[in-house]
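Heavy atoms only: backbone and side chains are in, while hydrogens, waters and symmetry mates are out. Both ligands and their constituent atoms are indexed starting at 1 by order of listing.
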Amino acid sequence: MDTLIDSAVKVIKKSKYTTAFTGAGISVESGIPPFRGETGLWSKYDPQVLDLNYFYSSPKESWTVVKEIFYDFFGKAKANDAHIGLGILEKKGLLKEVITQNIDNLHQEGGSSIVHEFHGNSNMLVCTSCSFKDKAEHIDMSRMPVLCPKCKSLLKPDFIFFGEGIPPLAYQKSINAAKNSEAMIVIGTTGEVMPACQLPLLAKDSGATIIEINPETSKFTHSITDIFLQGKATEIINKIIKKIV
Ligand code: NAD
Ligand code: ZN
């Protein structure tokens, strides 16, 4: 493993444009389960609660579960050493941008300042009728479904549900970041969620070296990954940081 870490450190030091592409796995050690796998959220909840049509047709049922997963539970999570490590790399000028599929705001809390949220963010709630938008913590969630304090229409978390498009600005910035990458660090993602999973492929096609961190293999491992660092995000990032700074 040490030789592989050394190779990754070498690539990151040499690269003039390193990006990170992260999935649910980077937040697992903050206590947030991923969607898939034995302990994943979908072993406990029905994914239809995050389907856009279901949200509009059964807002009370959808909001009750969304609140439990994303606000009662996610809300208490703190950035871990992997999020913090990426923040340190950015400050050292060794990481330009983070593209994340996560909606938990932990990259920003970990010190990364340029974060493209490919699937939006759970921190903000938006009104489905008027222009109202505010932080979830400012909104009364004691009654389901959660309604707009201004116009009483349905409020929706500002992350994308199944059936919704990628936020255009984050999409464009993520594509540019992938294309500009000389190295991309892919952390904690199965590579199964479309179209996000195409970003590492785009980086690879643009000439990037792909460094992957995951305790398990993913769709990328045997296809585009150049250096596979098998292990938990915090452990591997800590080793990289120790050698690099
Ligand atoms: P996923 O649930 O499909 O897969 C999680 C991946 O993380 C797996 O490859 C697993 O091996 C890996 N993993 C598990 N523990 C890890 C650790 N300690 N360190 C590093 N990797 C670890 O996740 P996904 O591919 O990101 O796709 C699921 C979708 O669900 C994403 O779109 C994401 O937006 C969303 N999601 C987000 C959060 C969050 O915001 N934290 C949580 C759950 C799901
Ligand atoms: Zn409103």
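Proximity of Pro33 to ligand 1, defined as any heavy-atom pair under 4.0 Å, is confined to the backbone N, CA, C and O atoms. Both the backbone and the side chain of Pro34 come within 4.0 Å of ligand 1, judged by heavy-atom distances. Within the 4.0 Å heavy-atom criterion, the part of Val193 lying near ligand 1 is the side chain and not the backbone. When non-hydrogen atoms are compared, ligand 1 lies under 4.0 Å from the backbone of Thr190 as well as from its side chain. The side chain of Glu29, and not its backbone, has at least one atom closer than 4.0 Å to an atom of ligand 1 (non-hydrogen atoms only; side chain from C-beta on).
With Ser15 contributing its side chain and Val11 its backbone, the two residues share no donor-acceptor pair below 3.5 Å. Judged by distance alone, the side chain of Tyr17 and the main-chain N or O of Ala208 form no donor-acceptor pair under 3.5 Å. Although no hydrogens or angles enter the test, the distance criterion places a donor-acceptor pair under 3.5 Å between the side chain of Gln230 and the main chain of Pro215. Between the side chain of Thr190 and the backbone N or O of Ser218, no donor-acceptor pair lies under 3.5 Å.
Remark: ligand 1 and Asn214 share an N or O pair separated by less than 3.5 Å (distance only, no angle test). When only interatomic distances are considered, the shortest N/O to N/O separation between Ala233 and ligand 1 falls below 3.5 Å. Between Leu41 and ligand 1, a contact under 3.5 Å exists for no N or O pair.
Under a 4.0 angstrom heavy-atom cut-off, Ala196 registers as lying outside contact with ligand 1. By the 4.0 Å heavy-atom criterion, Ser218 is excluded from the residues contacting ligand 1.
Below 30°, between 30° and 60°, or above 60°: for His107 and His83 the angle between ring planes is above 60°, a perpendicular geometry. Note on ring orientation: taking the six-membered ring where Trp is involved, the planes of Phe220 and Phe21 are perpendicular (angle over 60°, cut-offs 30° and 60°). Taking the six-membered ring for Trp and thresholds of 30 and 60 degrees, Phe35 and Phe70 have ring planes more than 60 degrees apart, a perpendicular arrangement.
The pair Lys239-Asp2 fails the salt-bridge criterion, with no side-chain N (NZ, NE, NH1 or NH2) lying under 4.0 Å from an Asp/Glu carboxylate O. Contact check on Lys156 versus Glu164 returns a salt bridge, with a Lys/Arg side-chain nitrogen under 4.0 Å from an Asp/Glu carboxylate oxygen. Arg36 has a carboxylate O that lies under 4.0 Å from a charged side-chain N of Glu192, or vice versa, which qualifies the two as a salt bridge.
For a distance threshold of 2.8 Å, the protein N, O or S atoms nearer than that to the Zn ion (ligand 2), listed by chain and number, are Cys127 SG, Cys130 SG, Cys148 SG, Cys151 SG.
Given atom 6 (C) of ligand 1, the protein heavy atom at minimum distance is Gly188 O, 3.4 Å. Protein heavy atom at the shortest distance from atom 37 (C) of ligand 1 is Asn102 OD1, 3.6 Å. Among protein heavy atoms, atom 40 (O) of ligand 1 sits closest to Ile103 N, 2.8 Å. Protein heavy atom closest to atom 39 (C) of ligand 1, with residue, atom name and distance, is Asp104 OD2, 3.5 Å. Ala24 N, 2.8 Å is the protein heavy atom nearest to atom 26 (O) of ligand 1. Closest to atom 16 (C) of ligand 1 among all protein heavy atoms lies Gly25 O, 3.5 Å.
When Trp42, Phe21, Phe35, Phe220 are ranked by how near their heavy atoms come to atom 44 (C) of ligand 1, first place goes to Phe35. Checking Val28, Thr39, Thr234 against atom 15 (N) of ligand 1, the nearest heavy atom belongs to Val28. For atom 28 (C) of ligand 1, the nearest non-hydrogen atom from the set Gln101, Glu192, Arg36 comes from Arg36.
The environment of NZ in Lys204 is crowded: more than 12 heavy-atom neighbours from other residues, nucleotides or ligands sit within 6.0 Å.
Residues Glu117 and Gln108 meet the side-chain proximity criterion, which asks for heavy atoms closer than 4.5 Å.
Counting only N and O atoms by type, the side chains of Ser153 and Thr128 include no donor and acceptor under 3.5 Å apart. Side-chain atoms of Asp158 and Asn121 form no donor-acceptor pair, as typed in the model, at a separation below 3.5 Å.
Under a 4.0 Å criterion applied to the non-hydrogen atoms of Glu216, ligand 1 contributes the atoms 11 (O). Numbered from 1 in the order shown, with element, the atoms of ligand 1 that lie under 4.0 Å from a heavy atom of Ile32 read 41 (N), 42 (C). Within ligand 1, counting atoms from 1 as listed, the ones closer than 4.0 Å to a heavy atom of Gly23 are 26 (O). Ligand 1 places these atoms under 4.0 Å from at least one heavy atom of Ser27: 41 (N).
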**Gln101 vs Val193, side-chain contact (heavy atoms from CB on, under 4.5 Å): CA-CA, chis, key distance, verdict** = CA-CA 9 Å; Gln101 299 169 81; Val193 178; 3.8 Å; yes
**Request:** Before giving the answer on side-chain hydrogen bond (donor to acceptor under 3.5 Å, both in side chains), spell out for Glu61 and Gln48 the whole-Å C-alpha distance, their side-chain angles and the decisive distance to 0.1 Å.
**Result:** CA-CA 10 Å; Glu61 288 76 7; Gln48 80 163 352; over 6 Å; no
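Of the options Asn176, Thr19, Thr209, a side chain to side chain donor-acceptor pair (under 3.5 Å) to Ser181 is made by Thr19 and by none of the others.
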